[in-house]
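Please read the structure below before turning to the comments.
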Amino acid sequence: MDDMGKDKEKPQSYNLSEDEENILDQLGLKDGTSRRKFLKQISAASISVYASSFFTNELFANTMKNLPDNPGVLLNEVKVNLRVNKMVKPLTLDSRTTLLDALRERLALTGSKKGCDHGQCGACTVLIDGKRKLSCLTLAATCENKEITTIEGLVQEGELHPMQEAFLKHDGFQCGYCTPGQICSSVALLEEAENGDASYVTENFKNFKTGLKLSEEEIRERMSGNICRCGAYNNIVQAFKEVHSGGDEMPTWEFATKEQMDKAKNS
């Protein structure tokens, strides 16, 4: 019975390569018990690193409060009054909280979408003092005394914004995930055209004009920061053109010719 008991207590063996055996030996983990403990720690650490991407700064801050000695220095709490959609919202936030997380998780304004969370897709675009901004790259604490408008704030007295109506009319979306950012960006672009702001494809920077009527090339260039994975770009352009020019124009796009394709390949 004693021998059987000893067999049960034998540490679990791991199929390690010769290199792995050498590494563990160099770390002083020669016996099976130490190795088993070490491997468990590595697994736990790997899981924690993987899981960290799913948690917000605020959740980490709340977790920190439960740690021994309450390391408040890690919380970096700040008080900020966010003026969102013409309403002032006083919040206490971790100083690292993005505007996007504050809008979605603290104010329940979930219209602004978290796409890439790296400022590359435009799904989180909102208006700050009338300018389009990526809320995932904007710290909420920097928005004190600024006018923030989200997709929800474009509706006035129960009436959709003309750009929202145009997107519906021209079917400027499919899955709809990027649509709030597309619409907010389009609304800001109307103001940019009125102010005469230049873009990468503007032909003459010296000939400054306000009230620009943007070409289709200009519209596509200026909206290029908003990605639509469904590929509804043609309809988005038509929606913008109707609001921008006031005309219900048919699409003017055509398939690229062979010469254009060859030129693109060689450029």
Side-chain angles (χ1 to χ4, degrees), residues 48-65 74-156 160-161 163-164 167 172-192 222-230 232-233 236 240:
S48 65
V49 170
Y50 171 75
S52 65
S53 61
F54 295 94
F55 296 100
T56 64
N57 291 328
E58 182 182 356
L59 183 56
F60 276 123
N62 290 333
T63 303
M64 284 295 189
K65 292 180 180 179
L74 298 178
L75 299 180
N76 298 313
E77 285 188 352
V78 294
K79 296 183 182 297
V80 58
N81 292 317
L82 293 182
R83 184 173 175 80
V84 184
N85 300 333
K86 299 182 179 180
M87 296 181 65
V88 177
K89 304 288 186 179
L91 296 174
T92 300
L93 303 167
D94 184 298
S95 63
R96 297 159 293 184
T97 302
T98 64
L99 177 59
L100 178 59
D101 284 340
L103 292 173
R104 291 181 57 83
E105 299 177 14
R106 297 298 299 276
L107 301 180
L109 294 172
T110 56
S112 303
K113 302 304 184 203
K114 180 175 285 193
C116 65
D117 207 24
H118 286 79
Q120 296 178 349
C121 72
C124 68
T125 303
V126 298
L127 306 180
I128 301 180
D129 289 342
K131 303 292 184 181
R132 44 180 167 169
K133 300 291 184 181
L134 298 170
S135 59
C136 76
L137 296 185
T138 304
L139 292 177
T142 66
C143 297
E144 183 89 35
N145 300 322
K146 295 182 179 180
E147 185 65 48
I148 303 167
T149 304
T150 69
I151 187 68
E152 293 91 343
L154 294 179
V155 177
Q156 298 295 322
L160 294 176
H161 188 282
M163 191 66 71
Q164 292 173 305
F167 266 68
F173 52 87
Q174 290 185 37
C175 77
Y177 198 84
C178 74
T179 306
Q182 296 276 6
I183 292 177
C184 285
S185 191
S186 297
V187 171
L189 181 52
L190 291 173
E191 187 69 20
E192 293 170 16
R222 293 169 186 260
M223 289 292 293
S224 61
N226 291 81
I227 307 301
C228 174
R229 295 189 178 185
C230 299
Y233 296 113
I236 291 171
F240 179 85

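To the nearest 0.5 Å, atom CD1 of residue Ile148 and atom CE of residue Met87 are 13.5 Å apart. Atom SG of Cys124 sits about 12.0 Å away from atom NZ of Lys113, to the nearest 0.5 Å. Separating the CG atom in Leu189 from the CD1 atom in Ile183 is a distance of 13.5 Å, to the nearest 0.5 Å. Rounded to the nearest 0.5 angstrom, Leu139 CG and Leu100 CG are separated by 12.0 Å. Taken to the nearest 0.5 Å, the CG atom of Leu91 stands 12.0 Å off from the CD atom of Glu105. The CG atom of Asp117 sits 5.5 Å away from the SG atom of Cys136 when rounded to the nearest 0.5 Å.
For the side chain to side chain donor-acceptor pair (under 3.5 Å) test, residues two or more places apart in sequence or in another chain that qualify with Thr150 are Asn85, Glu152. Partners of Arg229 under the salt bridge (charged side-chain N to carboxylate O under 4.0 Å, His left out) rule, at least two apart in sequence or in another chain, do not exist in this structure. Evaluation of the salt bridge (charged side-chain N to carboxylate O under 4.0 Å, His left out) rule for Glu144 yields no partner, not counting sequence neighbours. Every side-chain contact (heavy atoms from CB on, under 4.5 Å) that Glu191 has, sequence neighbours left out, goes to Asn195. Applying the side chain to side chain donor-acceptor pair (under 3.5 Å) rule to Lys86 yields no partners; only residues at least two apart in sequence or on another chain are considered.
Side-chain contact between Thr179 and Ile151 is absent, with no heavy-atom pair separated by less than 4.5 Å. Counting heavy atoms from C-beta on, the side chains of Thr138 and Cys143 come closer than 4.5 Å. Arg106 places a side-chain heavy atom less than 4.5 Å from the side chain of Leu93. Side-chain contact between Met163 and Leu190 is present, with heavy atoms from C-beta onward closer than 4.5 Å. By the 4.5 Å heavy-atom criterion applied to side chains, Asn226 and Cys178 are not counted as neighbours. Side-chain contact between Ile128 and Leu99 is present, with at least one heavy-atom pair separated by less than 4.5 Å.
Residues in residues 127-137 take part in these side chain to side chain donor-acceptor pair (under 3.5 Å) pairs, two or more places apart or across chains: Arg132-Ser185, Arg132-Glu192.
Within the 3.5 Å criterion, the main-chain N or O of Gln120 finds no donor-acceptor partner in the side chain of His118. Looking only at distances, no side-chain donor or acceptor of Asn81 sits under 3.5 Å from a matching main-chain atom of Val88. Here the side chain of Arg104 pairs a donor or acceptor atom with the backbone of Thr110 at under 3.5 angstrom. Within the 3.5 Å criterion, the main-chain N or O of Ile227 finds no donor-acceptor partner in the side chain of Tyr233.
Closest approach of Ser186 and Phe240 over heavy atoms only: O-CE1, 3.4 Å. Of all heavy-atom pairs between Ala102 and Ala140, the closest is CB-CB, 4.0 Å. Taking each heavy atom of Ala232 and Cys228 in turn, the nearest pair found is N-SG, 3.3 Å. For the pair Val78 and Ala141, the tightest heavy-atom approach, listed with the atom from each and the gap, is CG2-CB, 4.1 Å. Of all heavy-atom pairs between Ser112 and Leu103, the closest is OG-CD1, 4.3 Å.
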For side chain to side chain contact (heavy atoms under 4.5 Å, CB included), just list the numbers for Val126 and Thr149, CA-CA rounded to whole Å, side-chain angles, deciding distance to a tenth of an Å, and then say yes or no. CA-CA 6 Å; Val126 298; Thr149 304; over 6 Å; no
Assess the residue pair Gln182 and Phe173 against the criterion (side chain to side chain contact (heavy atoms under 4.5 Å, CB included)); give the C-alpha distance rounded to whole Å, side-chain angles, the decisive distance to 0.1 Å, and a yes or no. CA-CA 9 Å; Gln182 296 276 6; Phe173 52 87; over 6 Å; no
Verdict with supporting geometry, Asp101 and Lys114, side chain to side chain contact (heavy atoms under 4.5 Å, CB included): CA-CA 9 Å; Asp101 284 340; Lys114 180 175 285 193; 2.7 Å; yes
